[in-house]
Amino acid sequence: MNKSKTFFTILLLCFFPLICSGCKKNQKESRLYLSENWSYTLDESGKSGWKTLPMENLTNLPPLLETGIGYIWLEKKFIIPSNLSGKDLSIYLGRISMADQTYFNGSMIGSGGYFPPEEWSSWNKVRLYNIPSGLVNQGDINVLRIKIWLNGEGSVVANPFPFIGISHETELKYKRERFWNGTIYALCAFALLVIAAYHILIYVKRREDRENILFAFINIVTALYLSVFYIDDLPYIPFKGLNFLTFQKLFSYSLPFLLIYFVGSFVSVFLKRKEIRYVKIGRRILVIIPVIIILVAPSYPVLRRMWEICQLLLLPHLVYIAIIMVKAYLKNKRDVRPLLIGFSPFILAIFMDLLHNILHWYALPYISMYGWMLVIIMLLFILASKFTQARNEAEDLNANLEKKVNDRTRELSEANAQLESANKQAAEDMKLAVYVQQSFYPRVAPITADYDLAFSFNPKAGVSGDLFDFYKAGNRLAGAALFDVSGHGIAAGLVTMLAKSIISKEFVDNMNKPLASVMSIISNKIAEDKGDVENYLTGILLRFENEHVYYVNGGHPAMFYRNSNGKASMAAIAGKEASGGLVGIKNLPVEYTGIKFKMSPGDAILIYTDCLYETKDSNGIEFGSDRIRQAFEHATGKTAQEKLNQVLGEFHEYVEGAEVKDDLTIIVIQKK
């Protein structure tokens with residue numbers, strides 16, 4: 001049986017071209033094609049000024065008028081052939097834009113659209129007019145005249161040419177063409193509204209799945225846009241008084257921007273991609289601007305010219321959709337593959353319509369809407385498949401819930417026991433690491449004869465990436481150091497302990513060398529000793545010699561200096577906040593620059609790690625360098641500790657309610 005069907009199918013395919021060619025031959029014999037020798041006049045009365053009309057102008061009439069706006073008469077003279085004599089005849093004119101009144105031997109046999117002032121273009125309505133038998137001049141010349149209103153566009157488009165034929169045969173072609181160019185769009189619009197209602201209902205029941213409401217919007221907007229194709233098939237529409245310009249603005253030219261916006265949102269939500277706020281705002285602006293431009297167009301020709309520019313604003317939306325789909329594909333997201341397949345018919349249809357415009361295939365219909373309808377159908381299947389999968393998973397979960405709960409409970413108990421043991425060991429290790437690290441740091445600020453010192457050391461979690469130290473020569477302050485290791489955790493803590501030993505040794509051993517050279521020695525030594533560990537440091541070195549202070553900064557937040565009068569400023573080096581590169585990076589030569597300044601009694605300096613200025617308040621605004629300076633100026637306490645407490649007080653008041661996410665170390669050094 002299957003073999004017989006296969007043979008019959010092959011046989012039918014072989015003879016199908018012959019059958020079709022036979023039909024075409026019979027059609028050709030029963031039709032009078034009006035393909036050549038057309039004339040036209042711009043005289044509104046149609047009584048004079050007739051000129052020959054080239055066939056190529058039949059599909060593009062506006063160039064015949066100086067402004068492209070006005071009335072034009074077309075005329076065709078012919079003799080009815082003998083094979084059509086005495087039969088019921090109809091004339092097929094194809095699609096005419098904008099509006100027409102058609103006359104046969106001086107009598108009007110039909111019209112489409114409306115002339116001004118109630119202008120309406122029935123551009124997608126096929127013109128088929130019956131010819132009363134009493135009007136036909138048998139064996140003599142017959143005259144067909146068409147009065148057409150042009151408003152920036154106007155054409156007579158028939159496939160392949162207008163013709164006169166037997167009524168029942170001509171009507172079949174008319175019905176076929178009306179179905180594919182109008183009725184099918186009305187049916188699709190109705191189906192789209194049903195689909196939209198269904199997905200709105202799903203969204204109401206489950207608001208977490210936002211792709212359902214977005215898909216509903218896509219269907220509604222598409223159904224409204226399709227009205228430009230099927231409105232002439234609706235009863236009592238269009239009616240006189242329905243404004244064609246307003247209709248075109250709202251439905252034909254504005255809705256594509258709304259549609260592409262909803263498509264972009266749908267793809268983003270379907271792929272579970274969080275849209276950046278400024279991107280969302282930008283996409284909305286790219287909808288609002290062209291729609292406003294379109295709505296203010298004063299006339300239909302101006303509207304068409306504006307559309308040529310405004311449609312370019314569709315490209316950013318298409319680029320946005322392409323980018324997020326490509327990114328999802330590169331990340332190997334499973335959901336992107338059905339989307340790529342789903343959009344492929346529309347991409348192919350767009351390509352075909354571009355050829356349609358470039359090659360001027362006006363006799364063929366545009367197929368991009370067919371392609372888009374296929375996309376919607378495929379998206380419908382994709383969402384249905386997703387819904388079915390979720391439903392199956394839910395049913396499977398319900399059926400096996402008790403067993404799965406028991407299995408997961410047992411696995412969780414075992415994992416918790418292991419985790420508790422690991423946490424206990426980790427806590428003991430961390431406690432030991434914290435104790436060892438803190439034993440390396442000063443517990444209290446040293447007391448010296450020439451400077452008053454105070455510090456605050458607040459690790460974020462146990463082991464700290466901050467390190468600091470003070471160096472004395474007898475009862476005088478010789479130096480101070482504050483460094484910050486990149487990263488967090490045990491690795492950063494171990495690097496701080498290694499670095500602290502190196503910094504202390506090299507600072508003391510090289511008291512006779514320039515402080516910038518000492519910083520270079522420290523950087524090279526740390527890079528060598530830590531090996532391939534990637535952590536690096538930023539830091540400040542200070543050397544004190546009586547009233548003079550030497551300051552070197554290695555990529556660290558700048559120091560603040562406050563004179564005895566209470567004026568604070570940032571200590572800049574060569575016009576920069578930092579004097580050199582980072583510290584402790586292997587095979588990266590860096591240079592450091594130092595400055596020398598005096599400190600008088602009552603003068604103070606403030607050094608700190610980046611947590612002080614990077615911490616944000618509840619509104620996401622950093623404390624920042626300027627607030628550090630102001631807090632230091634407001635610190636009117638007499639001692640270094642009082643000044644430090646006042647700076648910390650303003651800091652904690654500013655960030656109240658927000659999380660401090662890093663280690664915080666602050667040092668105040670005041671000249672006695």
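Predicted model, so just to flag it, every value in this text is computed and none were measured. If you read the sequence from its start, that first residue is 1, and numbering goes on from there. Side chains are part of it too, since the values below use all heavy atoms of this structure and drop only hydrogens, waters and symmetry mates.
To the nearest 0.5 angstrom, Ile80 atom CD1 is 9.0 Å from Asn137 atom CG. With rounding to the nearest 0.5 Å, the separation of OG in Ser90 from NZ in Lys173 is 13.5 Å. Atom CG of Asn37 is separated from atom CD of Glu75 by 11.5 Å, given to the nearest 0.5 angstrom. Rounding to the nearest 0.5 angstrom, the gap separating the NZ atom in Lys333 from the CZ atom in Phe270 is 11.0 Å. Taking CD from Glu153 and CG from Asn60, the interatomic distance works out to 10.0 Å, rounded to the nearest 0.5 Å. Here the CD1-CD1 distance, from Ile195 to Ile220, works out to 11.5 Å after rounding to the nearest 0.5 Å.
At most 12 heavy atoms of other shown residues, nucleotides or ligands fall within 6.0 angstrom of atom OH in Tyr329. Residue Phe190 places its CZ atom among 12 or fewer non-hydrogen atoms of other residues, nucleotides or ligands, all under 6.0 Å distant. For Glu56, the CD atom is densely surrounded, since the number of other residues' heavy atoms within 6.0 Å is greater than 12. Within a 6.0 Å sphere centred on CG of Asp88, other residues, nucleotides and ligands contribute 12 heavy atoms or fewer. In the displayed structure, Ile141 atom CD1 is contacted under 6.0 Å by at most 12 heavy atoms of other residues, nucleotides or ligands.
Here the side chain of Trp120 pairs no donor or acceptor atom with the backbone of Pro116 at under 3.5 angstrom. Remark: the backbone N or O of Leu295 is paired with a side-chain donor or acceptor of Lys249 at under 3.5 angstrom. In this structure a side-chain-to-backbone donor-acceptor pair under 3.5 Å is missing from Thr52 to Ser39. Side-chain atoms of Ser254 never come within 3.5 Å of backbone atoms of Phe251 as a donor-acceptor pair (strictly under, hydrogens ignored). Checked by atom type and distance alone, the side chain of Asn243 pairs as donor or acceptor with a backbone atom of Leu245 at under 3.5 Å. With Asn142 contributing its side chain and Asp140 its backbone, the two residues share a donor-acceptor pair below 3.5 Å.
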Kindly determine whether Arg178 and Ile184 satisfy side chain to side chain contact (heavy atoms under 4.5 Å, CB included), including the steps that lead there.
-> CA-CA 8 Å; Arg178 281 309 303 145; Ile184 193 170; over 6 Å; no

Could you go through the side chain to side chain contact (heavy atoms under 4.5 Å, CB included) check for Asn181 and Arg95 one step at a time?
-> CA-CA 10 Å; Asn181 287 290; Arg95 298 188 299 276; 3.9 Å; yes

Tyr320/Ser268 under side chain to side chain contact (heavy atoms under 4.5 Å, CB included): CA gap, chis, key distance, verdict | CA-CA 10 Å; Tyr320 169 77; Ser268 180; 3.7 Å; yes

Apply the test salt bridge (charged side-chain N to carboxylate O under 4.0 Å, His left out) to residues Glu275 and Arg283: give CA-CA distance (whole Å), side-chain angles for both, the deciding distance (0.1 Å), then the verdict.
-> CA-CA 11 Å; Glu275 191 170 22; Arg283 290 177 58 231; 2.6 Å; yes

Would you check, one step at a time, whether the test ring-ring contact (aromatic ring centres under 6.0 Å, His included) holds for Phe104 with Tyr129?
-> CA-CA 10 Å; Phe104 191 89; Tyr129 302 137; over 10 Å; no

Where do Arg31 and Glu169 land on the salt bridge (charged side-chain N to carboxylate O under 4.0 Å, His left out) test, with the steps shown first?
-> CA-CA 9 Å; Arg31 292 178 181 178; Glu169 293 179 359; 5.7 Å; no

Please walk me through it: do Ile72 and Thr41 pass side chain to side chain contact (heavy atoms under 4.5 Å, CB included)?
-> CA-CA 6 Å; Ile72 187 171; Thr41 181; over 6 Å; no

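Between Ile285 and Pro290, the closest heavy-atom pair is O-CD, 4.1 Å. The heavy-atom pair separating Ser85 from Gln138 by the smallest distance is OG-OE1, 3.1 Å. What you find for Asn105 and Leu135 is that their closest heavy atoms are ND2-O, 2.6 Å. Residues Ser121 and Ser97 share a closest heavy-atom pair of OG-CB, 4.0 Å. Closest of all the heavy-atom pairs between Ile148 and Met98 is CG2-N, 4.2 Å. Pro338 and Ile382 make their closest contact through O-CD1, 3.3 Å (heavy atoms, listed as atom of the first residue, atom of the second, distance).
Put simply, the side chain of Asn57 does not reach to within 4.5 Å of the side chain of Tyr40, judged on heavy atoms. Contact annotation: the side chain of Ser155 never approaches that of Ile96 to less than 4.5 Å [non-hydrogen atoms, C-beta and beyond]. The side-chain heavy atoms of Phe247 and Ser252, taken from C-beta on, include no pair separated by under 4.5 Å. Between His168 and Ile166, the closest side-chain pair of non-hydrogen atoms falls below 4.5 Å. Put simply, the side chain of Leu64 reaches to within 4.5 Å of the side chain of Leu53, judged on heavy atoms. Contact of the Leu93 side chain with the Ile146 side chain is registered, since non-hydrogen atoms from C-beta on lie closer than 4.5 Å. Between Met325 and Leu340, some side-chain heavy-atom pair lies under the 4.5 Å cut-off. Looking only at side-chain heavy atoms (C-beta outward), Asn130 and Ser167 come within less than 4.5 Å of each other.
Between Trp73 and Tyr103, the ring planes are tilted. Angles from 30° to 60° get that label. Relative ring orientation between Tyr225 and Phe229 is described as perpendicular, the plane-to-plane angle rising above 60° on a 0-90° scale split at 30° and 60°. Ring planes of Phe215 and Phe266: tilted class, angle from 30 to 60°.
For the salt bridge (charged side-chain N to carboxylate O under 4.0 Å, His left out) with Asp100, the qualifying choice from Arg127, Arg145, Lys147 is Arg127, the only one to do so. Of the candidates Tyr203, Tyr261, Phe262, Phe262 is the only one forming a ring-ring contact (aromatic ring centres under 6.0 Å, His included) with Phe217.
By the salt bridge (Lys or Arg N to Asp or Glu O under 4.0 Å) test, Lys175 pairs with Glu171, sequence neighbours left out.
Sequence neighbours left out, the pairs with a member in residues 280-311 that pass ring-ring contact (aromatic ring centres under 6.0 Å, His included) are Phe244-Tyr300, Tyr253-Trp307, Phe257-Trp307.
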